[in-house]
Protein chains: 2
Amino acid sequence: MTDKIPELEILFELADLFKVFGDSTRLRIMYTLFDGENSVGEIAEALNMEQSTISHQLRVLRTNKLVKIRREGKQIYYSLDDDHVKKIIEMGLDHVLE
Amino acid sequence: MTDKIPELEILFELADLFKVFGDSTRLRIMYTLFDGENSVGEIAEALNMEQSTISHQLRVLRTNKLVKIRREGKQIYYSLDDDHVKKIIEMGLDHVLE
DNA sequence: TGAACATATGAATAATCGTTCATATGATAT
DNA sequence: ATATCATATGAACGATTATTCATATGTTCA
């Protein structure tokens with residue numbers, strides 16, 4: 001029994017992770033959170049996009065443990081969950097910027 | 001004039017880059033190339049997938065400058081084009097493996 | 001030149017996914 | 001309780017994309 005099957009499963013998970021980074025709206029959301037936490041409304045306003053769109057994408061980010069939330073009254077503040085997020089984006093930027 | 005517009009364009013490019021990493025077939029191809037160059041046929045056999053599928057995806061990888069080629073007779077050998085490729089994948093693995 | 005092999009390409013199909021619209025849930029304050 | 005504000009959710013639509021099949025291109029060798 002080889003160890004290639006577990007590797008295969010991990011590569012599937014890895015693809016799923018990169019898929020999350022592969023959308024400009026989600027990237028912009030994460031980039032917005034580089035400076036610190038923001039509420040859903042603040043993010044929507046900053047990106048000039050519908051609240052619903054942002055909310056849907058925040059759920060994707062949260063499902064993948066890339067952002068976490070803090071509740072305060074009516075608002076929900078989102079922030080990056082992990083140092084990896086910044087690192088992965090910065091590593092990608094290195095490549096894009098040659 | 002703010003510098004947010006160029007950043008926006010860059011984030012679009014960045015999303016396109018991550019999209020390339022967001023497919024398990026392409027990830028498996030790149031992972032196969034961690035050990036060194038392989039021909040199209042070798043990759044297809046290693047992944048047990050159609051030659052055509054691999055060829056299509058290699059073109060995506062090549063268009064995005066993630067792999068480069070070396071011709072030798074009838075075969076074309078593909079290899080990773082860039083250290084960033086390995087680094088980005090490894091960074092993602094860090095996250096997936098907790 | 002023609003046969004055999006390796007790789008690339010184009011069209012078609014099926015599946016995935018982002019956005020929008022409408023509405024629901026949840027929280028606060030009067 | 002109810003009105004208001006913030007966020008979430010579900011369904012539907014359109015667009016993108018991975019794979020397959022069939023075929024084309026390109027290379028070697030006899």
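We name chains A, B, ... by the order of the sequence lines, and we start the count at 1 in each one. We use all heavy atoms of the structure for the numbers below, so side chains are in, but hydrogens, waters and symmetry mates are not. Predicted, not measured: the structure shown is a model, and the values here were computed from it.
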How would you label the contact of [X] with the nucleic acid (heavy atoms, under 4.0 Å): base, sugar-phosphate, or nothing?
X       : result
B:Arg62 : nothing
A:Tyr78 : sugar-phosphate
B:Gln51 : base
B:Glu50 : sugar-phosphate

Whichever of A:Val60 and B:Leu58 has its nearest DNA chain C nucleotide further upstream toward 5':
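That would be B:Leu58.
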Do A:Tyr31 and A:Tyr77 belong to the same hydrophobic cluster, where Ile, Leu, Val, Met, Phe, Trp and Tyr are linked whenever their side-chain heavy atoms lie under 4.5 Å apart, directly or via other members?
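Per the 4.5 Å side-chain linkage, A:Tyr31 and A:Tyr77 are not co-clustered.
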More than 12 heavy atoms of other residues, nucleotides or ligands under 6.0 Å from CD of A:Glu90: is that the case?
yes
Measure [atom1]/[X] against [atom2]/[N] and give the value in whole Å, please.
X       : N      : atom1 : atom2 : answer
B:Met49 : D:dT19 : CE    : C1'   : 8 Å
A:Asp23 : D:dA15 : CG    : P     : 17 Å
A:Leu27 : C:dC17 : CG    : P     : 16 Å
A:Ile76 : D:dA6  : CD1   : P     : 12 Å

Correct closest heavy-atom pair for A:Asp82 and A:His84 would be OD1-N, 2.7 Å
B:Arg26 side chain to B:Val60 backbone, donor-acceptor under 3.5 Å
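Side chain of B:Arg26 to backbone of B:Val60, a donor-acceptor pair under 3.5 Å: no, none is there.
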Between CG of B:Asp94 and CD1 of B:Ile89, what distance do you get to the nearest 0.5 Å?
12.5 Å
Rounded to the nearest 0.5 Å, how far does CZ of A:Arg62 lie from OH of A:Tyr78?
6.0 Å
Please determine whether a side-chain nitrogen or oxygen atom of [X] lies at a distance below 4.0 Å from atom OP1 or OP2 of [N].
X       : N      : value
B:Thr53 : D:dT20 : yes
A:Ser55 : D:dA6  : no
B:Gln57 : D:dT19 : yes
B:Thr25 : D:dT19 : yes
A:Arg59 : D:dT9  : yes

Do NZ/NE/NH1/NH2 and the carboxylate oxygens of A:Lys86 and A:Asp83 come within less than 4.0 Å?
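Salt bridge absent between A:Lys86 and A:Asp83.
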For nucleotides 25-28 of chain C, print each protein N/O atom paired with a nucleotide N/O atom at under 3.5 Å, atom names and distance only.
none

A:His56 stacking on D:dT9: centroids under 5.5 Å, ring planes under 30°?
yes
